[in-house]
Structures are given as C-alpha cells and as structure tokens.
Amino acid sequence: MSMHNHKTCGEYLVELLQAYEVEHVFGIPGVHTVELYRGLPNTDIKHHAPRHEQGAGFMADGYARVSGKPGVCFIITGPGMTNIVTAMAQAYADSIPMLVISAVNATTSLGQNSGFLHELPNQQALVSQVSAFSHTLLSVDDLPTVMARAFAVFDSERPRPVHIEIPLDVIVQSAEELPAATRASRATPAAANPKTMVQAVQAIDAAEKCVICVGGGAKLASAEVKALAEKIDAPVIPTVNARGILPPDHSLLVSASPTLTATRALIDSADVVIALGTEMGRTDYDFYDSGEFAVSGTLVRADIDPQQLYRNCRADIGLTGDARTIAQQLADAVSEKTSQMPREAATTRSVALDELPGYMRDHVMLLNRIRDALPDAILVGDSSQQAYAGALYFAAQTPSSWFNSATGYGTLGYALPASVGAKLAAPNRPVLCLVGDGGLQFSIAELASAVDAGTPLVILLWNNSGYGEIKAFMLERDIPVDGVDLFTPDFLTLAKAYGVHAETLESLDAIEQTLHSAVERNALSLIQMDEKALIPNPRLEQ
C-alpha cells in the first residue's frame with residue numbers, strides 16, 4: 001500500500017495496465033523506476049526479474065508470440081534502455097507487440113547533458129529506431145491517451161514495440177483527478193477496398209495455377225488460409241513466423257523456404273501469387289543474398305501496413321487490412337478449382353529437401369523427431385544450427401509453436417529468456433529451448449530467472465564448443481579461423497549449480513524417451529546434445 005496520501009502517476013499506470021488485461025511484467029527495479037512498483041501489489045500483475053534487461057525484452061517477446069498479447073517491460077533510463085534495445089530490435093524486425101515503459105531524467109534536465117545518473121543526451125532518439133513510436137510523458141493527464149495509442153498499434157497496425165518514457169518528476173505526479181483506469185475501445189484494422197477485392201477475386205478465378213505465401217501477419221488466420229488454399233488448390237508457403245499455419249501432413253503445405261531453388265520454381269510457375277501478411281523480406285525469401293527471388297505472375301498482396309505492399313515485391317493488386325479477414329473474404333468469393341498443384345507441392349517438398357546439404361537434412365530430421373515426440377510442444381530457437389536448418393525446411397505442428405531469432409534481426413542469446421516468456425504464456429504446454437553453447441553463454445544467467453519464475457523448461461543444448469556455424473562459414477571461404485573456438489564450461493555442473501536437472505543425450509535413438517522423461521519431471525531440465533553423437537554428417541566435416 002502506498003505511503004503517499006495521493007495516487008501517483010506510477011500507481012495509476014499499473015492500474016491502466018491491468019485494465020488492458022496485462023498479466024505479466026518483466027523488468028529489473030532501479031532507483032529511477034521504483035515508483036512503477038508502488039502500485040503492483042494492488043493488482044493481479046505478476047512481475048518477473050531477469051538478470052539483464054535484454055533478457056526482459058526477450059522474455060516479453062516470447063510471451064507475446066505465444067499469448068498474442070503485448071509483452072510489457074519496466075526498464076530504467078540509460079543503461080537499462082541501451083541493454084534492451086537489441087531485444088526491441090528483434091521484436092521490431094519480427095512484428096512482435098512489446099510495450100517498454102522506462103524512466104527518464106526529470107523534465108528540467110532533459111537535453112542538458114549535465115552528468116545526471118543514467119543520463120543519455122536523447123534517449124528517445126535511440127529507441128525510436130526500434131519502436132513504432134517513442135513518447136515522452138510530460139503530464140500524468142496524458143497517460144490514458146498515450147496508453148490507448150500504444151494498444152491501437154498492437155490491435156490495428158503492424159504490431160511492433162512501443163516505448164513510453166516517464167520523467168522522474170512526472171512519475172510522482174498526483175493522479176487523483178484522473179478517471180478510473182479503463183481500457184479504451186479496441187481499434188480495428190482498415191478494411192480492404194471493395195473494388196480492389198473484386199480485382200483480386202477476378203485475377204484468382206482467371207488463373208490456372210495459384211500459390212499462397214503467408215507470413216507472421218497471417219499466423220492467426222490458419223483456418224481461413226486453409227479454406228482458401230483448399231478451395232483453389234493452391235500450395236501454401238509459410239515464412240518462419242508463419243510455420244504451423246497448416247499441419248505438417250497437409251498435401252498443400254510447402255514448408256521449404258522461398259530461398260530454395262525448388263520453392264522459387266513453384267512460385268515462378270504460378271499465374272497468381274497471393275501473399276498474406278508477409279513482408280517478403282530477405283531473411284525469408286533470399287537468405288543467401290542471391291538476388292534471384294522474383295514473382296513473375298500477378299502478385300495479389302494483403303498487408304495491414306499499406307506501405308509494405310510496395311516494399312521488396314511490388315503488389316499488382318494491393319489489399320490493405322487484416323490478413324485473417326482478407327483470407328476469409330477471398331475464400332468466400334473465389335470460385336472453386338482443381339489443379340495439379342498438390343502434386344507439384346509434393347515434388348517441391350522432395351526436391352527442396354534434396355537441395356539441403358547433408359548436415360541440414362540431419363538437423364531437420366532431429367527437429368522432426370522432437371516435434372513428433374511432443375506434438376503440443378513450443379520450440380523456441382536461438383541463432384543456432386538447428387534454427388538455420390529449420391528456417392529452410394522445418395514444418396511446425398501449429399502456429400506460434402516454432403520461432404527463433406535466426407531470421408529478422410538475428411540475435412544471439414534469445415532462446416532461453418524467450419522460452420521463459422513462452423512458458424508463462426502457455427504453462428500447460430511443454431516448452432523446449434533449442435540453443436547452442438555459444439548462444440547460451442550470452443544469457444546463461446537467465447537460468448536463475450527461469451528458476452525464479454517457476455518455468456519448467458526443457459533446454460536442448462547443442463554443444464560444439466564454439467560458434468560452429470560461423471566457423472564453417474569461414475572455412476568454406478578460406479578465411480583464417482579465429483574467434484570461433486570457445487572455452488565452454490562444464491554445462492552439466494553449471495546447470496546443477498542453478499538447481500537444474502542436467503544430463504547428456506547419448507544417442508539419437510534415446511531422444512523420445514529423454515524428452516518424455518524431462519516433461520514428466522516437470523522441472524527445469526538441461527539436455528546436452530553432442531554433434532558428433534547425433535548428426536551423421538557434421539557440417540565441419542563436409
């Protein structure tokens with residue numbers, strides 16, 4: 001209970017968060033943010049303290065991807081914000097909703113560069129590059145409006161981080177005169193232009209062959225995409241963030257990346273390509289920077305961001321709006337057709353798999369065995385060998401059950417804290433953290449955060465004693481190997497120091513039983529996997 005005789009801006013803010021159905025907040029308290037914590041005990045919001053602000057951002061990211069709600073962080077000014085910027089950049093690249101609430105020095109000191117504690121000359125200029133907007137709150141009276149703007153981004157625009165910074169003199173202002181904290185009415189995405197929708201339907205009806213490319217913006221449209229695809233006999237090609245939009249055994253699913261030659265050939269053969277909620281960005285469509293990806297047929301493109309319709313691949317017919325709504329409208333309006341495309345989809349899957357080098361096929365097989373052993377599991381990856389291989393081919397079981405940091409911004413150290421957030425969002429589902437020894441050492445302290453949060457994760461540690469992917473990249477280009485062979489600790493002993501069950505997976509044949517035992521244990525577990533024992537074709541030996 002507050003010791004003040006009035007409700008402060010900080011207390012009112014957490015009441016607003018509860019009104020917006022926020023259930024979890026991630027952050028490390030500091031002298032500049034303690035006023036945000038004053039009112040927390042009077043709400044149902046649970047606070048989780050990482051060991052680094054970057055971990056807070058990654059936890060919020062993982063939580064948002066699984067829950068569909070924005071991940072919320074409380075961050076101190078200065079070093080707290082510079083620490084979380086990397087996590088915000090990953091969320092920005094992948095269109096993940098995140099609300100970062102920070103302190104900033106008092107209004108009278110802003111821009112003075114006078115050596116105040118945690119002072120940045122212009123914190124907002126730094127953060128604005130990785131956020132939909134960054135706002136400095138100059139009066140407590142403006143807080144309801146700014147919060148409504150933030151959630152309008154999450155509800156009706158391309159969801160990305162929003163930053164609200166509150167000066168130290170504003171955070172203690174009285175909120176007694178403000179109305180009770182309530183949620184503003186939800187904003188809705190713009191609807192597609194009816195005339196343009198007619199053009200899209202006419203183009204699809206006239207086509208002999210259609211292909212559907214879907215991105216993370218369509219991951220909530222699984223049923224609608226399925227209905228559309230089956231009605232027009234169109235293969236569905238999901239980006240990494242849309243994997244699972246069709247189940248792995250669906251005849252129209254082509255989970256092979258458009259980076260692969262076979263998938264590009266399928267797209268090139270189509271009279272009409274329907275792109276739903278995908279930015280058609282390089283890390284999904286041209287991962288190796290060959291510059292060869294193009295759409296030769298008519299491109300019908302739908303996106304919540306009208307500007308995105310003309311980035312990367314220019315739309316011939318552009319539909320602005322929510323991918324789920326547009327997919328349903330198209331499914332209702334187009335004529336039913338049959339084609340040879342299901343057979344072509346099967347051929348594409350086979351040829352694309354053969355394109356992968358042996359070590360990548362081995363990793364895909366490993367991912368498949370993990371998925372099949374625990375069909376309800378959520379797989380959270382780092383920038384690791386499994387993630388790179390999976391980005392090119394892996395078929396997830398359901399939407400938002402496979403994501404990683406290997407595409408988009410491409411950070412290291414993501415998987416462990418993001419897994420904590422994912423488990424908080426889905427406490428009744430197994431969450432598997434797929435991470436390499438290099439990536440784990442970026443954020444290994446978050447083992448303690450996982451213990452604090454009571455999140456029984458299963459950490460699958462790929463240990464090749466260094467940055468194996470980068471080492472192989474250097475060797476393939478005759479670059480002297482340096483900086484990639486790392487000292488790695490005894491991870492089993494280290495995990496046990498955190499109170500974590502730890503063991504080594506001795507053979508691939510034992511993986512199903514090991515995974516089931518770890519889930520049944522219902523405790524934080526680390527399973528170390530040795531490349532030489534599990535992969536018939538290690539990359540460094542090819």
What is the minimum heavy-atom distance between Ile76 and Gly30, and which atoms define it? CG2-CA, 3.6 Å

Taking atom types as modelled, is there a side-chain donor on His163 or Ser102 under 3.5 Å from an acceptor on the other? yes

Nearest heavy-atom neighbours spanning Trp402 and Ala387: CH2-CA, 3.9 Å

Please determine whether side-chain contact (heavy atoms from CB on, under 4.5 Å) holds for the pair Thr411 and Phe58, giving the CA-CA distance in whole Å, both sets of side-chain angles, and the decisive distance to 0.1 Å. CA-CA 10 Å; Thr411 61; Phe58 288 150; 3.6 Å; yes

On a heavy-atom basis, the closest approach of Phe394 and Arg243 is O-NH1, 2.7 Å

Can we say Arg51 and Glu446 salt-bridge, meaning some charged N sits less than 4.0 Å from an Asp/Glu carboxylate O? no

Leu508 vs Met529 side-chain heavy atoms within contact, under 4.5 Å: no

Look up atom CG in Asn464 and atom CG in Leu486, then write down how far apart they are to the nearest 0.5 Å. 9.0 Å

Before you tell me yes or no, could you show the steps for Arg183 and Phe151 under side-chain contact (heavy atoms from CB on, under 4.5 Å), namely the whole-Å CA-CA distance, both residues' side-chain angles and the distance that decides it to 0.1 Å? CA-CA 9 Å; Arg183 177 170 189 149; Phe151 278 81; 3.9 Å; yes

Any idea which heavy atoms bring Pro417 and Gly55 closest together, and the distance? CB-O, 3.6 Å

Can you confirm whether Tyr393 sits close enough to Arg349 that some side-chain heavy atom of one is under 4.5 Å from a side-chain heavy atom of the other? yes

Between atom CD1 of Ile166 and atom OG1 of Thr33, what is the distance when rounded to the nearest 0.5 Å? 10.5 Å

Fit a plane to each ring of His24 and Tyr63, take the angle between them on a 0 to 90° scale, and name the class: parallel (under 30°), tilted (30 to 60°) or perpendicular (over 60°). perpendicular

Leu36 vs Ile171, test: side-chain contact (heavy atoms from CB on, under 4.5 Å). Steps then yes/no. CA-CA 8 Å; Leu36 296 175; Ile171 206 169; 3.8 Å; yes

Is it true that Lys46 and Glu23 make a salt bridge, defined as a side-chain N closer than 4.0 Å to a carboxylate O? no

What do the steps show when you test Ser443 against Tyr414 for side chain to side chain donor-acceptor pair (under 3.5 Å), and what is the final call? CA-CA 8 Å; Ser443 56; Tyr414 170 87; over 6 Å; no

Using a distance-only test with no angle check, is there a side-chain donor-acceptor pair under 3.5 angstrom linking Tyr285 and Thr278? yes

Between atom CZ of Arg429 and atom CG of Leu374, what is the distance when rounded to the nearest 0.5 Å? 11.0 Å

Where do Val458 and Ala518 come nearest, in terms of heavy atoms and distance? CG2-CB, 3.9 Å

To the nearest 0.5 Å, what is the distance between CZ (Phe442) and CG (Asp437)? 11.5 Å

Determine the interplanar angle of the His363 and Tyr359 rings, folded into 0 to 90°, and report it as parallel if under 30°, tilted if 30 to 60°, perpendicular if over 60°. perpendicular

So, Arg521 and Ser517: side-chain donor and acceptor under 3.5 Å apart, yes or no? no

Passes ring-ring contact (aromatic ring centres under 6.0 Å, His included), Tyr37 versus Phe74? Steps please. CA-CA 9 Å; Tyr37 290 79; Phe74 286 172; 5.6 Å; yes

For residues Val236 and Ile245, determine if any side-chain heavy atom of one lies less than 4.5 Å from a side-chain heavy atom of the other. yes

Does Leu461 reach the side chain of Ile527, with side-chain heavy atoms less than 4.5 Å apart? no

Do Gln528 and Asn463 have a side chain donor and acceptor closer than 3.5 Å? yes

Just wondering, do Asn404 and Asp382 contact through their side chains at under 4.5 Å, heavy atoms? no

Closest non-hydrogen atom pair between Arg158 and Ser95, with its separation: NE-OG, 2.7 Å

Under 3.5 Å, is there a donor on one side chain and an acceptor on the other for Thr77 and Gln123? yes

Would you give the length of the straight line joining atom CD1 of Ile101 to atom SG of Cys73, rounded to the nearest 0.5 angstrom? 9.0 Å

Would Gln18 and Asp44 count as a side-chain contact (heavy atoms from CB on, under 4.5 Å) if you check the C-alpha gap in whole Å, the side-chain angles of each, and the deciding distance to 0.1 Å? CA-CA 7 Å; Gln18 177 148 292; Asp44 297 323; 3.5 Å; yes

Close side-chain approach of Ser131 and Val162, heavy atoms under 4.5 Å: no

Enter the distance from Gln54:CD to Met59:CE here, rounded to the nearest 0.5 Å. 11.0 Å

Any salt bridge between Asp94 and Arg65, counting N to O under 4.0 Å? yes

